[in-house]
Protein chains: 2
Amino acid sequence: MELRHLRYFIAVAEEGNFRRAAERIGIAQPPLSSQIKDLEDELEVQLFRRLPRGAALTEAGEAFLAEVIVIFRQVEFAKQMALRGAAGEFGRLRIGFTGSAAFNELVPKIIRSFRKAYPSVALTLAELNTRQLLDQIRSRSIDAAFIRPGPTSPDGIKITMVAEEPMMVVLPTGHRLAKEYAIPLSSLQDEPLVLHSRELGPDLYDEVIEGFRRSGVDPVIGQIAPQITSIANLVAVELGVSIVPAPLSAINVPGVVFLPIIGDAPRARLAVATHPDDHSVVTRNFKQQVATNLQKR
Amino acid sequence: MELRHLRYFIAVAEEGNFRRAAERIGIAQPPLSSQIKDLEDELEVQLFRRLPRGAALTEAGEAFLAEVIVIFRQVEFAKQMALRGAAGEFGRLRIGFTGSAAFNELVPKIIRSFRKAYPSVALTLAELNTRQLLDQIRSRSIDAAFIRPGPTSPDGIKITMVAEEPMMVVLPTGHRLAKEYAIPLSSLQDEPLVLHSRELGPDLYDEVIEGFRRSGVDPVIGQIAPQITSIANLVAVELGVSIVPAPLSAINVPGVVFLPIIGDAPRARLAVATHPDDHSVVTRNFKQQVATNLQKR
DNA sequence: TTATTATGATACATTTTATGTATCAGTTGG
DNA sequence: CCAACTGATACATAAAATGTATCATAATAA
């Protein structure tokens, strides 16, 4: 059975006449009779009563017609769904982000706008450290990640820059400089530094260390933070001082102050990482959404 | 697009490999590639990503596949419905009956058993007089009717005998013979007769008149009853006497008694009338159900 | 009644189209 | 680098749909 048989069946059913149906289809009458016969043979059921004045549906034909109409509706629907699938309306998108990236307002903004544009895409969000994010991008366990990259793209990863944030000094409120409006990094000479493990985010780590060196400070690590977002808490209990991307000052941590940096200061980059071989339309749409949100700024 | 394209599409989707899919279908690989290409051209969407190690569904392909599977389920369902339609499971059956016929227990019994056997058939029941029933059978406004036929089949009507009922005398309780157990028709000489209009049911009418004549009684019509079922009520108010098919004695009419007839008595026939050109399976099934109920007796 | 018209079915020729064969180009893995 | 496997291409072949001519039947008109 082919759709052709069903198209012809509908034509005969609607016209009630083989000749007119054949004309409507655009073929001669004999092949139409032949095709209908083939259909009836396959179903082992007579679909039409051949009358001297045309052809009328049998009960079997009536019952069949109702369902055949559904078949064609479903065929049209399948076509539509293919097009919508091609447009990236379905599927899933697994997004990862580092804890510190989430504080940039662009991150939730981009995710919200994507959800709105593609409500049928199943979104997964996971907070991981940069190393894990890159590994999962490489193994295609996640599709895109907001990370803090270094100046060079990691191997086998495609980077799209999103934002560059100034960094701010974090001091305990009791610190001698806590009352200043802004300070240069050079004023933190010999202060023990609270910093996240280099393993978790090597690029931002290096950026910070390099920043201090540029200002003539030889940084001394006083305490390793389990993650960037907990740096402020460690500073609050006076385990040292630190610098963090500006958006992190939004965390309300009692016992610390955030101060702008005067002069040459390290900057924190925020980027979206994807797999270079990911040709998925969903991922492409996500990157498109990222670009749109950058333009609107 | 033909179902063939969709069958091939499913094979490639499931195998993830054109060669294996072709083998499974039972054709060579090149025509399979060609057919898939045709499908993609028609949809104007790429369904597979051709990889050096096989073929993977695109998002469009994924979305399409889900709906194509539904198409084939629907095709199977349509086939099933055609078969069930051929078995007379669907459609409608318009049954008519005369008021007096409904009193024979076989009538509700047959209708009940048909309903049970073919619950999806839409049943219509209409009570009409014999003349109207026959007209509606001829014009195919109803499919079958329980009527009281004469000895010969009416023109253009197919008759199937169902039952032959004895007739009983109906007397007002105050009648001189009301206390008897059974009487001959001849004892009703000169009694005014209550009878339905000949127009409404000529066959039973003639049967009654003829029955009286055979017993040597020249019947005198005292009152025309609007329908057979109201004869007893007219007898109750002493407008005359009558005879009715035995099952009608089941009506509880105060003021009348029903007595068996001694000797040669008219008999009331009960039959199913159908159109001779009605080849509908539903009607056929109904007649089959009638036959089954007769055998069980 | 007879002639005419309209119906779907049949027989066979023709065209279209799906399929088969041979081969190619690209990628992967040893 | 070579061998193996992938899908694509070119062209020949076979199958199947379609077209043409005609028939048998039944309803309708003369």
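Just so it is clear: chains get the letters A, B, ... in the order the sequence lines come, proteins before strands, and each one is counted from 1. Side chains are part of it too, since the values below use all heavy atoms of this structure and drop only hydrogens, waters and symmetry mates.
A:H196 and A:Y205 have perpendicular rings, their planes meeting at more than 60° on a 0 to 90° scale where under 30° would count as parallel.
Looking at B:H5 and B:D38, their side chains come closer than 4.5 Å, going by heavy atoms from C-beta outward.
Residue A:L47 contributes atom CG, which lies 15 Å from atom C1' of C:dG8 at whole-angstrom precision. For B:R49 and C:dT27, the CZ to P distance is 16 Å, given to the nearest whole Å. For the pair B:L32 CG and C:dT17 C1', the computed distance is 16 Å after rounding to whole Å. For A:I25 and D:dG19, the CD1 to C1' distance is 14 Å, given to the nearest whole Å. Rounded to whole angstrom, the span from the CD atom of B:E23 across to the C1' atom of C:dT19 amounts to 16 Å. The nearest whole Å value for the distance from the CD atom in A:E40 to the C1' atom in C:dG8 is 12 Å. Atom CD of A:Q46 and atom C1' of C:dA9 are 13 Å apart (whole Å). B:I36 has its CD1 atom 15 Å from the C1' atom of C:dT19, to the nearest Å.
Residue pairs meeting the ring pair (Phe, Tyr, Trp, His ring centres under 6.0 Å) criterion with at least one member in residues 117-138 of chain B, sequence neighbours excluded: B:F114-B:Y118. Residue pairs satisfying the side-chain hydrogen bond (donor to acceptor under 3.5 Å, both in side chains) criterion with at least one member in residues 49-59 of chain B, sequence neighbours excluded, are listed as follows: A:S280-B:E59, B:E40-B:R50.
Residue B:R92 qualifies as open at atom CZ: its count of foreign heavy atoms under 6.0 Å is 12 or below. Remark: B:K158 NZ is loosely packed, at most 12 non-hydrogen atoms of other residues, nucleotides or ligands lying under 6.0 Å away.
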Expected string for nucleotides 2-16 of chain D under the B/S/- scheme (protein heavy atoms, under 4.0 Å, primed atoms plus P, OP1, OP2 as sugar-phosphate) is ---SBBBBB------
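Using a 4.0 Å heavy-atom cutoff across all strands shown, A:F48 reaches no nucleic acid atom at all.
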